[in-house]
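Computed from heavy atoms alone, side chains included, the values below leave out hydrogens, waters and symmetry copies. Chain naming here is simple, since letters A, B, ... match the order of the sequence lines and numbering starts at 1 in each. Please read these numbers as outputs of a predicted model, since none were measured by experiment.
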2 protein chains.
Amino acid sequence: MASLTEENYLKLIYHLSGALREEVSTSALAEQTQTKAASVTDMLKKLAEKNLIHYKRYQGVRLTEEGEYMALKVIRRHRLWEVFMVEKLGFRWDEVHPIAEELEHIASDELINRLDAFLNFPVSDPHGDPIPTASGSMPEADYHKLCDTSLNDQVTVMGVSEHASSFLQFLSKAGLVPGSTVQVVEINAFDRSMQIRINGLEPSFISHEVARNILVSPES
Amino acid sequence: MASLTEENYLKLIYHLSGALREEVSTSALAEQTQTKAASVTDMLKKLAEKNLIHYKRYQGVRLTEEGEYMALKVIRRHRLWEVFMVEKLGFRWDEVHPIAEELEHIASDELINRLDAFLNFPVSDPHGDPIPTASGSMPEADYHKLCDTSLNDQVTVMGVSEHASSFLQFLSKAGLVPGSTVQVVEINAFDRSMQIRINGLEPSFISHEVARNILVSPES
DNA sequence: ATAAAATTTTAGACTACCCTAAAAAACTAT
DNA sequence: ATAGTTTTTTAGGGTAGTCTAAAATTTTAT
């Protein structure tokens, strides 16, 4: 039984620790939670007490197995609700994150598993992020960044690594959404910007900053 | 911006004040919230401060117009989520109340209005309770109690006034759910128990206690 | 290697919501 | 109408989660 605040810390530690499950610093947590480092330290003590994190003073934190399990449950709930809002309620992909931040704390497993079935067991959310399974494992897809795609290669957009709504709205307008086909037409060496052909249409220009935050996989 | 706890108090005051909008006592609130009277007094002061209730010491409380508006929003959210869970996720009507108690505090109007549309603007929840409109008015239906139905009259079950899951499960088993047709076949004067014919089938026996908590309207 | 800078933790305090015990006000019964 | 009972409020205090200020530890730079 973790409180809403505890769940948010676990989720955040999961995200900040990255694929390599590196230690997360107190200051990084303070920045993301919009609180002060002293408050974070208090919470870390509590989470360590509950065996949800490995914590030694001044050493940063990692999730325990139990902590990771709980973080993945929160992330699973978040992403399933996002799918629900986009697929069933007609929200745009750039609108759903803040509401999912609230819905993710409704704890009923029965609710979430029925929702999962209602949505036909989606494997990823509207931004292409994988949805953890009910048993608590995260399906890790090996997408790569659009900016690393070679000239003339054709790829499919699978997701994004930046979720700011302004970025998502830009992508919608450009047609760069999960499922779109992209061919790299030109790469400018000096600023790494690209000309790309989206779904076979006229080439468009995107900056390296944009290309870096688009996840793609090779055409099948 | 009312907190989760404040929302629960407003909803409770609404329910306890009844159709006549009578004053609600501190002790009634303490009993229902599973807290002590002293704690209730603290909260009443805060709600009065925010102009959500009319409160004079020792006099009980009533909702202000603004307080009632907020209570109705919470009740609207609760009942829409109940419809969602039963209609879309396949929950039984006796399972949804505790989960709706959590979902009702997700505040987004956009979410609720889209959910309302997705559900085809239902007018009542799975227990027959009316769903307040987006503008904050409660459609009051003039149902009467099954126990007040005259011998041989035929009526339609519209809802219930008791929501305990054991009661709801009993009704499901008996086929006494909203929409069922009931004809009163016999009334026992000494204990006011009844023989009733449900959907034209063989007569069943129900106690006054059961009949008192079933809401019906005359056959059209 | 050690002084300066940065990070993290401790100490003490605040708010929201809850508590117990005691005081105040309102009912009730004769 | 007044004494006893019940209800409600006040007073003082506790926990979760936050804060500021100061102390402890680690990192960085020379």
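Side-chain atoms of A:Phe84 and A:Phe91, non-hydrogen and from C-beta on, never get closer than 4.5 Å to each other.
Applying the 4.0 Å criterion to OP1 and OP2 of C:dT9, one finds that A:Tyr55 has a side-chain N or O inside that range. For the pair A:Tyr9 and D:dT18, the criterion of a side-chain N or O lying under 4.0 Å from OP1 or OP2 is met. Between C:dT9 and A:Lys36, no contact under 4.0 Å exists linking OP1 or OP2 to a side-chain N or O. Put simply, A:Thr26 has a side-chain N or O that comes within less than 4.0 Å of OP1 or OP2 on C:dT9. When the side-chain nitrogen and oxygen atoms of A:Ser27 are compared with OP1 and OP2 of C:dA6, none of them lie within a distance under 4.0 Å. Considering only side-chain N and O atoms, A:Arg57 lies nowhere under 4.0 angstrom from the phosphate OP1 or OP2 of D:dT26.
Remark: C1' of C:dC18 and CD of B:Gln34 are 14 Å apart, rounded to the nearest angstrom. Rounded to an integer number of Å, the gap from A:Lys45 NZ to D:dA16 C1' is 14 Å. Spacing between atom CG of B:Asp42 and atom P of D:dG12 amounts to 14 Å, rounded to whole angstrom units. One interatomic measurement links the two molecules: CD of B:Glu49 to P of C:dA16, which rounds to 11 Å at whole-angstrom precision. The distance from atom CG of A:Leu29 to atom P of C:dT9 is 10 Å, rounded to the nearest whole Å. One interatomic measurement links the two molecules: CE of A:Met43 to C1' of D:dA16, which rounds to 8 Å at whole-angstrom precision. In this structure, B:Tyr58 atom OH and D:dT6 atom P are separated by 17 Å, rounded to whole Å. With rounding to whole Å, A:Leu47 atom CG is found 13 Å from D:dA16 atom C1'.
Separating the CD1 atom in B:Ile112 from the CG atom in A:Leu89 is a distance of 9.5 Å, to the nearest 0.5 Å.
A donor-acceptor distance shorter than 3.5 angstrom exists from the side chain of B:Glu95 to the backbone of B:Arg92, with no hydrogens or angles considered. A side-chain donor-acceptor contact under 3.5 Å links A:Ser17 to the backbone of A:Ile13.
Counting any heavy atom pair closer than 4.0 Å across all strands shown, B:Ser39 reaches a base atom. Residue A:Thr41 is in base contact, counting any heavy-atom pair closer than 4.0 Å across all strands shown.
Among D:dT8, D:dT18, D:dT10, the nucleotide with an atom closest to any side-chain atom of B:Ser25 is D:dT8.
For B:His97 and B:His127, the gap between ring centers reaches or exceeds 6.0 Å.
Nearer the 5' end of DNA chain D, as judged by each residue's closest nucleotide, is the contact made by B:Gln59, out of A:Leu4 and B:Gln59.
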